[in-house]
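So you know, we letter chains A, B, ... as the sequences are listed, proteins then strands, and number each from 1.
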2 protein chains.
Amino acid sequence: MLLSKSCMYGLRASVQLAGKKDNTYVTIRELSEDLDISFFFLTKVLQRLTQAEILESYKGPNGGVRLLKHPGEVTFLDVVTAIDGACTLNECALGLPGCGVMKPCPLHDKWSIMKENIMNMMQNITIAELANRGNDNLDLDGLIHYIIR
Amino acid sequence: MLLSKSCMYGLRASVQLAGKKDNTYVTIRELSEDLDISFFFLTKVLQRLTQAEILESYKGPNGGVRLLKHPGEVTFLDVVTAIDGACTLNECALGLPGCGVMKPCPLHDKWSIMKENIMNMMQNITIAELANRGNDNLDLDGLIHYIIR
DNA sequence: ATGTTTAAAGACATAATACTCTTAATTACA
DNA sequence: TGTAATTAAGAGTATTATGTCTTTAAACAT
Ligand code: SF4
Ligand code: SF4
């Protein structure tokens with residue numbers, strides 16, 4: 001598995017928020033119910049997104065979280081790095097530590113290309129794009145739930 | 001990280017064995033020292049490779065483990081599946097569960113191709129190939145150690 | 001002011017992974 | 001026959017990931 005669960009939860013929540021027409025505050029409780037994620041755990045995950053200034057939170061009645069930037073400006077990778085920390089694909093794509101490019105194994109070049117591809121993909125797709133593709137379907141929320149879950 | 005540590009250790013040990021000129025028994029102790037892996041832990045990992053009939057073990061003096069098949073017939077994927085179990089790339093390449101191809105997200109096609117590539121790579125490269133690339137270098141053992149570690 | 005709604009922070013619990021050690025079984029050899 | 005060498009099996013510990021709960025702080029409403 002490439003991404004941690006925290007990371008997936010964060011992604012799903014971000015996409016869910018990106019799918020909203022208006023960018024009003026949504027309670028974490030509501031998000032957790034829509035996405036079927038533990039409220040307590042999701043709270044922890046979203047705190048990291050708030051700290052990373054991907055989300056903005058507001059306490060009290062009618063509070064909650066919302067996207068700080070325009071969803072078209074938040075990449076998949078932004079969310080991943082905010083939660084899982086700096087790129088996990090830094091080193092060997094296989095996870096073999098301490099390996100360099102001096103004496104690469106036969107996999108190295110192919111892996112490097114793939115790594116590059118994965119990084120590009122994560123860097124180039126925004127949560128807006130991930131949310132918007134359900135446009136031909138009216139049940140957007142349900143769809144996203146289905147898609148991302 | 002794509003592979004578990006157990007998996008990486010198993011790979012490194014397999015490649016190490018594949019690099020030997022003669023396929024005699026090598027003690028796990030020796031392997032663990034060469035690869036700088038805990039002897040106890042490596043023992044556990046290699047037991048799985050023995051059960052999976054990738055390695056063959058022999059007890060007592062001059063015993064140890066050795067490859068059961070020709071290294072050219074053992075793929076990277078063989079070792080991975082023996083240790084980590086069946087392919088972890090079955091579902092969404094991102095690790096998002098429950099997602100199908102009915103309403104794919106914009107990443108789906110690209111991910112599918114990458115997943116395919118990764119699987120092909122793991123399926124097509126043998127531990128013999130991983131071991132043999134050090135041929136232009138005389139310090140094969142050291143090299144492999146460097147490469148795989 | 002007081003109470004209600006909400007997220008933040010931090011403590012606690014459980015599960016999965018990684019690692020260590022001990023004991024048992026097998027083999028060789030003196 | 002007995003001792004040393006070696007893996008197998010299984011128990012035990014440590015660390016990390018995941019999940020739960022409680023308390024605190026902020027914002028609002030009355
Ligand atoms: S040489 Fe092979 S093992 Fe080393 S970093 Fe490159 S792909 Fe990984
Ligand atoms: S549609 Fe997207 S989230 Fe779903 S399995 Fe495919 S790549 Fe993963």
Side-chain angles (χ1 to χ4, degrees), chain A residues 1-14 16-17 24-68 80 82-85 88 95-97, chain B residues 1-14 17 24-68 80 82-85 88 95-97 149:
Chain A
M1 203 147 56
L2 205 53
L3 304 176
S4 71
K5 282 202 168 190
S6 299
C7 205
M8 292 187 258
Y9 294 165
L11 279 166
R12 285 169 55 196
S14 302
Q16 178 83 348
L17 289 173
T24 56
Y25 288 109
V26 178
T27 66
I28 300 178
R29 175 69 64 185
E30 187 184 328
L31 280 174
S32 76
E33 282 164 4
D34 288 348
L35 300 172
D36 198 25
I37 300 172
S38 147
F39 165 71
F40 295 119
F41 196 46
L42 187 58
T43 295
K44 284 298 181 196
V45 172
L46 297 192
Q47 276 173 20
R48 305 207 60 171
L49 293 184
T50 304
Q51 286 158 5
E53 299 190 328
I54 287 173
L55 298 184
E56 176 175 34
S57 71
Y58 200 81
K59 293 174 184 172
N62 296 104
V65 294
R66 69 179 179 192
L67 291 168
L68 183 56
V80 171
I83 295 171
D84 274 357
T88 52
L96 305 178
Chain B
M1 201 147 58
L2 205 55
L3 304 175
S4 70
K5 282 202 167 189
S6 299
C7 205
M8 291 188 259
Y9 293 165
L11 279 166
R12 286 169 55 196
S14 301
L17 289 172
T24 55
Y25 288 108
V26 178
T27 67
I28 300 178
R29 175 69 64 184
E30 188 183 328
L31 279 174
S32 75
E33 282 164 5
D34 287 349
L35 300 172
D36 196 25
I37 300 173
S38 145
F39 165 72
F40 294 120
F41 195 45
L42 187 58
T43 295
K44 283 298 180 196
V45 172
L46 297 192
Q47 276 172 21
R48 304 208 61 172
L49 293 183
T50 304
Q51 286 158 4
E53 298 190 332
I54 287 172
L55 298 184
E56 176 175 36
S57 70
Y58 201 81
K59 293 173 184 173
N62 297 103
V65 293
R66 69 180 180 192
L67 291 167
L68 183 56
V80 171
I83 295 171
D84 273 357
T88 51
L96 304 178
R149 185 172 176 236

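In this entry the distance linking CZ of A:F41 with C1' of C:dA9 reads 16 Å, nearest Å. Remark: P of D:dG10 and CZ of B:R48 are 14 Å apart, rounded to the nearest angstrom. In this entry the distance linking CG of A:D84 with P of D:dA17 reads 9 Å, nearest Å. Remark: C1' of C:dT6 and CD of A:E56 are 15 Å apart, rounded to the nearest angstrom. Straight-line distance from the CG atom of A:L49 to the C1' atom of C:dA8: 14 Å, rounded to whole Å. C:dA18 atom P lies 8 Å from atom CE of B:M8, rounded to whole Å. If you measure from atom CZ of B:R12 to atom C1' of C:dA18, you get 15 Å, rounded to the nearest angstrom. B:N62 places its CG atom 11 Å from the P atom of C:dA30, with the value rounded to the nearest Å.
At a cut-off of 3.5 angstrom, the base of C:dA18 holds no donor-acceptor pair with the side chain of B:K44. Interface remark: the A:K59 side chain does not form any donor-acceptor pair with the C:dA8 base, using a distance-only criterion of under 3.5 Å.
Residue-level contact check: B:Q51 touches the backbone only, with heavy atoms under 4.0 Å from sugar-phosphate atoms and none from bases. Residue B:I28 is in sugar-phosphate contact alone, with no base atom involved, counting any heavy-atom pair closer than 4.0 Å across all strands shown. A:T50 comes within contact range of the sugar-phosphate backbone alone, with a heavy-atom separation under 4.0 Å but no base atom that close.
Looking at heavy atoms from C-beta onward, A:L3 lies out of side-chain contact with A:I83 at the 4.5 angstrom threshold. With a 4.5 Å cut-off on side-chain heavy atoms, B:F39 and B:I28 count as touching.
For the OP1/OP2 pair of C:dA28 and a distance below 4.0 Å, the side-chain nitrogens and oxygens of B:Y58 include at least one atom meeting the criterion. Regarding contacts with the backbone of C:dC19, a side-chain N or O of B:Y9 is found under 4.0 angstrom from either OP1 or OP2. Using a 4.0 Å cut-off, no side-chain N or O of B:S38 falls inside it from OP1 or OP2 of C:dA18. Put simply, A:Q47 has no side-chain N or O that comes within less than 4.0 Å of OP1 or OP2 on C:dG10.
The side chain of A:T27 approaches C:dA7 more closely than any other nucleotide in the set D:dT7, C:dA7, C:dT20. Comparing D:dT18, D:dC28, C:dT20 against the side chain of A:P61 picks out D:dC28 as the nearest. Candidate nucleotides C:dT20, D:dT22, D:dT7 were compared by shortest atom distance to the side chain of B:S57, and D:dT7 ranks first.
Along DNA chain D, the nucleotide closest to A:F40 and the one closest to A:G60 are compared, and the more 5′ of them pairs with A:F40. Comparing B:G63 and A:F39 along DNA chain D, the residue whose closest nucleotide (by nearest heavy atom) sits nearer the 5' end is B:G63.
A donor-acceptor pair under 3.5 Å is formed between the side chain of B:D84 and the backbone N or O of B:S4.
The environment of CD in B:E30 is crowded: more than 12 heavy-atom neighbours from other residues, nucleotides or ligands sit within 6.0 Å.
Taking every heavy atom of both residues into account, B:V45 and B:S6 meet most closely at CG1-O, 3.4 Å. In terms of heavy atoms, B:E56 sits closest to B:L67 at OE1-O, 4.2 Å.
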